Amino acid sequence: MSHTPRILAFAGSTRRDSANKKLARAAAHAAVAAHASVTWIDLRDYPLPLFDADLEVQGLPPAMLRLRALFAQHEALIVASPEYNGFFPPVLKNALDWLSRPALGQERHAVFAGRPVLLLSAVAGRSGGTAGLQQLRQQFLNLKALPYGRQFVLPLAADAFDARNRVGDPARRAELADTVAGFALSLHALAPA
Ligand SMILES: Cc1cc2nc3c(=O)[nH]c(=O)nc-3n(C[C@H](O)[C@H](O)[C@H](O)COP(=O)(O)O)c2cc1C
């Protein structure tokens, strides 16, 4: 058990007061409590142009090179995503599309293949974002990643966090912690002996 899994956590929203940023951060705290090492990033700090193959042949955007390096340093992902009209948002799709491209001598999907991913969602509506997560789960499967079986969804997100940006409802907070702990434990189990 000396291996400490390294997890990269981020939200599929760049909005300053994003509920999903709060959720990704809350999950990051829970993962640290479950003996993982977590790097939390804000996609706002990695501005990417809309994917365009003509841009790609000119070279990967600097933000993409930084993101790829971060992915290489972490073995698992926690992704908290809003739902936009039943799908995950374009800012996340765009980042995943850029990341899916072969670069620096790597194979296509190199940054995703075999990588465990915990999926979370916070939305304004009552669904919690299950439709968007279904699409996101399929997206990660297409990228050869390993979406974790359990996920966590948070409905009515505008009022779901307390003053400390924790999930306000203690039962839901415990559910998030339990889901994240299960994910972290599965990473320990995957670790080389
Ligand atoms: C284009 C768009 C589409 C949306 N579609 C949905 C939806 O399908 N279901 C839902 O519950 N909320 C929907 N919302 C509301 C979001 O859930 C809400 O804005 C949420 O706070 C966004 O996540 P964020 O706080 O992390 O930015 C939508 C918002 C936008 C801007």
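These numbers were taken from a predicted model, which means no experiment stands behind them. Atoms within each ligand, like the ligands themselves, are counted from 1 in listed order.
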I'd like a table of donor-acceptor pairs (distance under 3.5 Å, sequence neighbours excluded) in which one partner is a side-chain atom from residues 46-62, with atom names and distances.
| unit_1 | atom_1 | unit_2 | atom_2 | d |
| --- | --- | --- | --- | --- |
| Asp52 | OD1 | Asp54 | N | 2.7 |
| Glu56 | OE1 | Arg101 | NE | 3.3 |
| Glu56 | OE1 | Arg101 | NH2 | 3.3 |
| Glu56 | OE2 | Arg101 | NE | 2.7 |
| Gln58 | NE2 | Asp54 | O | 3.4 |

Hey, can you pull the donor-acceptor pairs under 3.5 Å for the side chains in residues 114-129, sequence neighbours left out?
| unit_1 | atom_1 | unit_2 | atom_2 | d |
| --- | --- | --- | --- | --- |
| Arg115 | NE | Val111 | O | 2.5 |
| Arg115 | NH1 | Phe71 | O | 3.0 |
| Arg115 | NH1 | His74 | O | 2.1 |
| Arg115 | NH2 | Phe71 | O | 3.2 |
| Arg115 | NH2 | Val111 | O | 3.2 |
| Ser121 | OG | Ser81 | O | 2.7 |
| Ser121 | OG | Gly128 | O | 3.1 |
| Ser127 | OG | Gly129 | N | 3.0 |

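Interatomic distance, CZ of Phe161 versus CG of Asp17, reported as 9.5 Å (0.5 Å rounding).
The contact shell of ligand 1, taken as protein residues with any non-hydrogen atom closer than 4.0 angstrom, comprises Ser13, Arg15, Ser18, Ala19, Asn20, Pro82, Glu83, Tyr84, Asn85, Gly86, Val123, Ala124, Gly125.
Within a 6.0 Å sphere centred on CD of Glu175, heavy atoms belonging to other residues, nucleotides or ligands number more than 12.
Side-chain contact between Asp42 and Lys21: present, with at least one pair of heavy atoms (C-beta onward) separated by less than 4.5 Å.
Every residue was checked against the ring-ring contact (aromatic ring centres under 6.0 Å, His included) condition with Phe88, not counting sequence neighbours, and none meets it.
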